[in-house]
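Worksheet: the structure to be examined is printed underneath.
A quick note: this is a predicted structure, and the numbers were derived from the prediction, not measured.
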Amino acid sequence: MASLALLYNVRMLGLFMVLPLLALYAVDFAGATPTLIGVALGVYGLTQASLQIPLGWLSDRIGRKPVIIGGLLVFAAGSVVAALAESIQGIILGRALQGAGAIASSVMALVADLTSREQRTKAMAVVGASIGLAFALALVLGPLIAGMGGLEAVFGVTAALALLGIVVVLWQVPDPPRSGVTYTEVGTRPRLFRASLRNGTLLRLDIGIFVLHFVLMASFQIVPGALESVVGLAREHHWQIYLPAVVLSVLGILPMMRLAERGGRHHLVFLVAIAVLMVALALLGLAATPWLFCVALWLFFVGFNYMEAVLPSLVSKAVAPEAKGTALGIFSTAQFLGIFAGGAAGGWVLQHYGVVGITELCLLVIAVWMLVALPAPVHGESGLGEAAP
């Protein structure tokens with residue numbers, strides 16, 4: 001599990017490191033506009049969403065390791081293309097190739113191959129936790145590496161991390177004892193697609209993860225610039241704000257989780273977390289003083305990290321075991337589509353309507369999420385299992 005968590009971590013680290021950087025550094029590339037920078041930021045989500053399910057099916061047929069190694073090679077190639085790019089179009093191409101190395105479903109299937117049913121949930125939680133760690137590390141390492149060698153250095157390190165991942169697959173990850181086996185916890189079953197898409201509980205959660213990553217990508221087109229203009233911090237030192245904001249977000253998340261568990265208040269805390277995000281996004285767009293902006297960024301990470309942890313868990317609890325893999329596959333696709341939509345739409349709005357436009361856009365989609373989440377609890381059995389064969 002340590003080797004698989006490391007594999008997932010190094011790949012996600014490479015993807016996340018660009019998040020706090022692209023809006024600042026890409027403006028120096030030929031042809032750069034806010035719209036195209038936004039596309040470059042989010043395009044990996046589009047290719048990831050398109051290929052993660054097909055590559056998961058392919059791994060059922062030809063084996064996990066070949067698909068994972070092939071995906072890492074594509075990811076490394078995309079990183080090299082982006083590192084050598086002299087125009088924003090070159091960065092977009094590189095980012096699209098990075099996303100095309102969509103190995104998430106294959107890695108989770110390999111986790112299932114290598115663990116017993118009793119230990120599988122725990123193992124997947126370990127791998128999932130590595131994503132949160134990668135996100136926190138990326139916000140620190142990205143600005144540091146870019147400060148030493150620019151955006152090309154970040155993409156170069158990303159390519160090296162992908163090659164390190166291949167080494168981990170070949171020499172650290174055991175060979176699975178079986179192949180061509182599917183599991184209820186992972187993988188998408190075509191016969192359950194319609195039932196999943198027609199289920200109200202799952203649709204609300206899919207909308208939630210879409211909006212969550214939409215606002216992440218849109219807001220991070222203005223956050224790095226605000227750290228320079230509002231906080232007055234040089235771009236290579238932005239990690240000094242990101243690190244404490246992410247770490248201290250635990251102080252806000254733990255009380256929310258404790259409240260949710262007391263008396264079954266999951267739905268109430270869920271709505272509170274959405275409200276926290278709304279307040280944070282409003283303050284990020286309007287803050288005129290350094291301390292207020294830092295508080296807003298902390299609130300954003302409180303709401304974002306809470307939802308990032310809770311939403312997948314709610315999907316798992318909302319379906320019968322035989323439908324879990326399909327529900328989570330659709331959920332992940334919605335997440336990646338949110339990444340692309342947030343990057344592209346955010347860039348276009350920033351170009352035409354500025355920071356205020358981005359703020360209004362984020363508040364609008366969060367308000368829609370609040371309305372969708374209000375009518376019924378988001379926690380509990382959905383009954384989808386009744387439709388399962």
For Phe135, the option from Leu137, Leu139, Leu133 that meets side-chain contact (heavy atoms from CB on, under 4.5 Å)
Leu139
Residue that, paired with His213, satisfies ring pair (Phe, Tyr, Trp, His ring centres under 6.0 Å) out of Phe340, Phe220, Phe16, Phe304
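The passing option is Phe304.
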Are any of the side-chain heavy atoms of [X] and [Y] separated by less than 4.5 Å?
{"X": "Leu7", "Y": "Ile68", "answer": "yes"}
{"X": "Val169", "Y": "Leu72", "answer": "yes"}
{"X": "Leu314", "Y": "Phe331", "answer": "no"}
{"X": "Gln48", "Y": "Ile339", "answer": "no"}
{"X": "Phe29", "Y": "Ile37", "answer": "no"}
{"X": "Glu152", "Y": "Tyr25", "answer": "no"}
{"X": "Val276", "Y": "Val272", "answer": "yes"}
{"X": "Val365", "Y": "Phe210", "answer": "no"}

Roughly how far apart are [X] [atom1] and [Y] [atom2], rounded to 0.5 Å?
{"X": "Thr33", "Y": "Leu36", "atom1": "OG1", "atom2": "CG", "answer": "3.5 Å"}
{"X": "Ile88", "Y": "Asp28", "atom1": "CD1", "atom2": "CG", "answer": "10.5 Å"}
{"X": "Met307", "Y": "Leu212", "atom1": "CE", "atom2": "CG", "answer": "7.5 Å"}
{"X": "Leu51", "Y": "Leu46", "atom1": "CG", "atom2": "CG", "answer": "9.0 Å"}
{"X": "His267", "Y": "Leu374", "atom1": "NE2", "atom2": "CG", "answer": "6.0 Å"}
{"X": "His352", "Y": "Thr35", "atom1": "NE2", "atom2": "OG1", "answer": "5.5 Å"}

Check the pair Tyr306, Val269 against side chain to side chain contact (heavy atoms under 4.5 Å, CB included), reporting the backbone distance first and the verdict last.
CA-CA 10 Å; Tyr306 177 81; Val269 178; 3.3 Å; yes
Do the side chain of [X] and the main chain of [Y] share a donor and acceptor less than 3.5 angstrom apart?
{"X": "Glu236", "Y": "Met148", "value": "no"}
{"X": "Gln98", "Y": "Tyr44", "value": "no"}
{"X": "Thr47", "Y": "Ala96", "value": "yes"}
{"X": "Arg265", "Y": "Leu259", "value": "no"}
{"X": "Arg95", "Y": "Leu41", "value": "yes"}

Would you say the side-chain atoms of Arg64 and Ser59 include a donor-acceptor pair closer than 3.5 Å?
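Side-chain D/A pair, Arg64 to Ser59: present.
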Where [X] and [Y] come nearest, the two heavy atoms and their spacing:
{"X": "Val215", "Y": "Ser219", "value": "O-OG, 2.6 Å"}
{"X": "Ala309", "Y": "Met257", "value": "CB-CE, 4.2 Å"}
{"X": "Met370", "Y": "Leu271", "value": "CE-O, 3.5 Å"}
{"X": "Ser106", "Y": "Leu55", "value": "OG-O, 3.5 Å"}
{"X": "Phe300", "Y": "Ala280", "value": "N-CB, 3.4 Å"}
{"X": "Thr359", "Y": "Ala282", "value": "CG2-CA, 4.2 Å"}

Report yes or no: do [X] and [Y] belong to one cluster of Ile/Leu/Val/Met/Phe/Trp/Tyr joined by side chain heavy-atom distances under 4.5 Å?
{"X": "Val80", "Y": "Ile166", "result": "no"}
{"X": "Val230", "Y": "Leu281", "result": "yes"}
{"X": "Leu297", "Y": "Leu141", "result": "yes"}
{"X": "Leu243", "Y": "Trp298", "result": "no"}
{"X": "Leu97", "Y": "Phe155", "result": "no"}

So salt bridge (Lys or Arg N to Asp or Glu O under 4.0 Å) across residues 270-284, not counting sequence neighbours, yields none
For Val168 and Val173: C-alpha separation, side-chain torsions, deciding distance, then whether side chain to side chain contact (heavy atoms under 4.5 Å, CB included) applies.
CA-CA 6 Å; Val168 171; Val173 177; 4.1 Å; yes
Checking side chain to side chain contact (heavy atoms under 4.5 Å, CB included) for the pair Phe75/Ile103: CA distance, chi angles, key distance, verdict?
CA-CA 10 Å; Phe75 182 81; Ile103 62 170; over 6 Å; no
Can you confirm whether more than 12 heavy atoms, excluding those of Gln172, are under 6.0 Å from its CD atom?
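No.
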Go through Leu22 and Gln221 one step at a time and tell me if the side chain to side chain contact (heavy atoms under 4.5 Å, CB included) criterion holds.
CA-CA 8 Å; Leu22 208 56; Gln221 296 181 57; over 6 Å; no
